[in-house]
Amino acid sequence: MSTLSSSTHCRSYCSSSNYGHHPVAVSSSSPKSFVPSKVSVQSNRKSKPNVVCMQDGAVSATLAPIDDKSPPKKIKNGLLSEDENMKKGLLSVTPSEECEEAAGFGINKDDSTVSITVVGASGDLAKKKIFPALFALYYEGCLPEHFTIFGYARSKMTDAELRNMVSRTLTCRIDQRENCGEKMDQFLKRCFYHSGQYDSEDHFAELDKKLKEHEGGRVSNRLFYLSIPPNIFVDAVKCASLSSSSTNGWTRVIVEKPFGRDSESSAALTKSLKQIDHYLGKELVENLSVLRFSNLIFEPLWNRQYIRSVQLIFSEDFGTEGRGGYFDNYGIIRDIMQNHLLQILALFAMETPVSLDAEDIRNEKVKVLRSMRPIQLEDVVMGQYKSHTRGGVVYPGYTDDKTVPQNSLTPTFAAAALFIDNARWDGVPFLMKAGKALHNKRAEIRVQFRHVPGNLYNRSFGTDLDQATNELVIRVQPDEAIYLKINNKVPGLGMRLDRSNLNLLYAARYSKEIPDAYERLLLDAIEGERRLFIRSDELDAAWSLFTPVLKELEEKKIIPEYYPYGSRGPVGAHYLAARYKVRWGDLGLEQ
Ligand SMILES: NC(=O)C1=CN([C@@H]2O[C@H](COP(=O)(O)OP(=O)(O)OC[C@H]3O[C@@H](n4cnc5c(N)ncnc54)[C@H](OP(=O)(O)O)[C@@H]3O)[C@@H](O)[C@H]2O)C=CC1
Ligand SMILES: O=C1O[C@H](COP(=O)(O)O)[C@@H](O)[C@H](O)[C@H]1O
């Protein structure tokens with residue numbers, strides 16, 4: 001399989017099969033759209049690598065070389081162009097023939113290779129998401145012909161042990177099981193491991209040596225995925241940059257979220273790194289703009305005149321098991337709200353962008369974030385799960401985790417009311433709710449519409465007029481769906497109304513399995529696509545919104561409301577919604 005066929009296949013597969021990458025989405029970015037990198041990590045290598053640093057949960061990406069003042073790259077017909085590396089044939093993205101001809105690229109596709117190093121390969125995210133996503137991309141033929149995957153962490157492991165560990169979490173798509181075992185074996189043969197410290201240039205130099213052996217003299221493109229706790233990001237990037245960046249191709253770094261703990265620490269990290277949010281890679285989040293901007297019926301209603309509240313809900317039915325050490329330092333607001341939910345909010349609420357170009361979208365998102373009213377302490381509810389016994393099974397409380405301090409006040413649940421002080425959204429509460437160890441696992445956006453004025457059918461609804469309002473639900477996961485609750489006449493001779501759903505259930509409509517967000521994200525990183533990256537001004541605005549209230553919560557040592565493991569969370573969340581005369585949409589019997 002050639003690089004050309006792999007890339008084109010993947011993107012055309014994506015766009016032709018309802019997976020959303022419309023070519024226009026990445027067309028033409030203006031020169032101003034590429035901010036030269038301010039990466040403080042210096043490379044002592046002769047050739048300066050491109051560093052694309054991304055984070056799941058925050059900021060932006062830059063394709064500018066570390067200390068290079070070269071003009072920004074442009075994106076043309078969905079493909080990077082006017083890029084020196086590209087002209088030399090160094091990128092894994094190969095332009096279409098038409099593009100190639102126009103730009104005069106002379107690409108020898110056998111000439112380049114991509115080496116992907118998963119830093120923190122022994123960890124939870126690497127096992128659960130990154131290796132499976134890489135395998136899915138391999139299975140789909142989305143990785144270039146020449147690629148190698150390296151796991152890097154302090155744990156001692158042989159290549160065989162890494163393969164064994166990785167093999168336990170690989171799965172085949174439900175709709176494509178053919179040759180699955182064979183493909184897995186082929187994939188695993190291309191996975192290797194190197195043990196090293198995250199702050200050791202020598203250990204990264206050893207990795208460099210191994211990478212070179214595998215690259216076999218080809219042009220080397222290198223992607224580092226930092227799946228490690230944030231406090232060691234900078235050391236790892238520095239060492240990777242100094243000792244194992246590519247000397248003749250690109251070097252990119254994906255950085256996980258959260259990006260810092262507050263405005264100050266985030267600004268310090270921003271000097272060294274930039275990043276992405278994996279929730280932006282979720283299918284239904286990608287579809288948000290399509291739904292809104294390509295259907296006449298929604299956009300005219302998308303404002304304060306028709307919408308009563310917008311709810312962004314994230315719940316997990318498991319606790320922080322095994323991640324307590326990391327989580328206790330951050331809490332649910334930094335883990336989920338400041339990044340995933342706020343990013344969705346910004347996408348939901350933004351004005352129509354000039355185009356679907358990444359920069360135009362980010363320009364609109366940042367305007368939303370900067371229009372947001374400072375969050376008031378009384379608009380935040382915090383909770384922490386406690387132990388609960390059900391059916392003879394004891395579910396541990398948050399502080400039962402040995403890595404969590406006994407007296408921890410870290411919230412594992414939070415609800416907040418946010419407001420966007422602009423003409424479109426003035427006075428509309430955006431309610432956010434995120435929690436661990438709740439009764440279900442779900443992520444969704446609920447748009448609650450206002451009451452129909454002078455509704456002729458009021459009497460048919462009984463006393464609960466709220467039941468009569470429309471609600472649009474965008475269920476991000478699981479069981480991806482978009483449904484609209486409408487009032488309908490129950491068939492029969494009488495006049496009785498009920499609430500029914502106009503329902504687009506993805507599983508019923510589309511036979512293809514939905515790719516994991518990490519697949520999209522990794523592919524974008526390899527291809528140099530910046531749509532899912534968060535720009536540093538977006539990150540600054542996101543932290544400016546949350547930092548004051550986080551500081552206040554921590555300084556005042558606010559005690560979280562305790563809720564039983566597996567419950568619906570603290571009742572305080574209901575009072576918060578009631579203050580704004582709304583109800584959480586996920587609480588009714590019929591949701
Ligand atoms: N897990 C998840 O579902 C998600 C995680 N993330 C983000 O991904 C990153 C990694 O998360 P996750 O995999 O859960 O984390 P882990 O706690 O599993 O850490 C990953 C690896 O980092 C090394 N490590 C852990 N703690 C330290 C430390 N204090 N000092 C040095 N090395 C350490 C360990 O490897 P070794 O000891 O072998 O070196 C560990 O295997 C985080 O930034 C997190 O926010 C984002 C989204 C989801
Ligand atoms: O970023 C994070 O996301 C996961 C949930 O991701 P999902 O794609 O499985 O919904 C969450 O468990 C974790 O705490 C957080 O760091």
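Fair warning: this is a prediction, and the values are worked out from it, not measured in the lab. Order of appearance sets the numbers: ligands from 1, and atoms from 1 within every ligand.
A donor and an acceptor atom, one from each side chain of Asp328 and Thr410, are located under 3.5 Å apart. Side-chain polar atoms of Ser200 and Asp202 form no donor-acceptor pair below 3.5 angstrom. Donor-acceptor pairing under 3.5 Å is lacking for the side chains of Asp400 and Tyr565.
Near Pro230, meaning under 4.0 Å from one of its heavy atoms, ligand 1 places the atoms 43 (O). The contact set between ligand 2 and Glu316, taken as ligand atoms under 4.0 Å from a residue heavy atom, comprises 4 (C), 5 (C), 11 (C), 12 (O). Those atoms of ligand 2 that come under 4.0 Å of a heavy atom in His340, given as number and element, are 1 (O), 2 (C), 3 (O). Under a 4.0 Å criterion applied to the non-hydrogen atoms of Gln477, ligand 2 contributes the atoms 7 (P), 10 (O). The contact set between ligand 2 and Lys282, taken as ligand atoms under 4.0 Å from a residue heavy atom, comprises 7 (P), 8 (O), 10 (O). Numbered from 1 in the order shown, with element, the atoms of ligand 1 that lie under 4.0 Å from a heavy atom of Ala153 read 38 (O), 39 (O). Residue Lys436 approaches ligand 2 through these ligand atoms, each under 4.0 Å from one of its heavy atoms: 11 (C), 12 (O), 13 (C), 14 (O). Which parts of ligand 2 touch Lys129 is read off a 4.0 Å heavy-atom cut-off, strictly below it: atoms 7 (P), 8 (O), 9 (O). Heavy-atom contacts of Lys128 reach the following atoms of ligand 1: 3 (O) (cutoff under 4.0 Å). The contact set between ligand 2 and Asp335, taken as ligand atoms under 4.0 Å from a residue heavy atom, comprises 13 (C), 14 (O), 15 (C), 16 (O).
Counting non-hydrogen atoms of neighbouring residues, nucleotides and ligands closer than 6.0 angstrom, the CZ atom of Arg370 reaches no more than 12 such neighbours. Applying the 6.0 Å contact sphere to NZ of Lys209 captures no more than 12 heavy atoms from other residues, nucleotides or ligands.
Taking the centre and axis of the six-membered ring of Phe147, the NZ or CZ atom of Arg190 falls inside the cone set by 45° and 6.0 Å.
The six-membered or imidazole ring of His340 lies away from that of Phe314, with a centre-to-centre distance of 6.0 Å or more. The ring of Tyr385 has its center no closer than 6.0 angstrom to the ring center of Tyr395.
Proximity of Arg334 to ligand 2, defined as any heavy-atom pair under 4.0 Å, is not found for any part of the residue. Neither the backbone nor the side chain of Tyr330 comes within contact range of ligand 1; no heavy atom lies under 4.0 Å. Within the 4.0 Å heavy-atom criterion, neither part of Lys129 lies near ligand 1. Only the side chain of Ile232 comes within 4.0 Å of ligand 1, judged by heavy-atom distances.
The nearest pair of heavy atoms linking Gln384 to Ser408 is NE2-O, 2.9 Å. Smallest separation of non-hydrogen atoms from Val253 and Val237: CG1-CG2, 3.9 Å.
Counting only non-hydrogen atoms, the option in Ala517, Ala236, Pro229 that gets closest to atom 19 (O) of ligand 1 is Pro229. Of the listed options Leu125, Thr320, Asp199, Ile228, Leu125 places a heavy atom closest to atom 13 (O) of ligand 1. Around atom 34 (C) of ligand 1, the closest heavy atom drawn from Ser122, Ser227, Ala126 belongs to Ser122. Considering each of Lys127, Arg154, Glu316, His340, the one bringing a non-hydrogen atom nearest atom 33 (C) of ligand 1 is Arg154.
Arg442 contributes no side-chain N or O that, together with a main-chain N or O of Ser315, makes up a donor-acceptor pair within less than 3.5 Å.
For Tyr518, the closest heavy-atom approach to ligand 1 falls below 4.0 Å.
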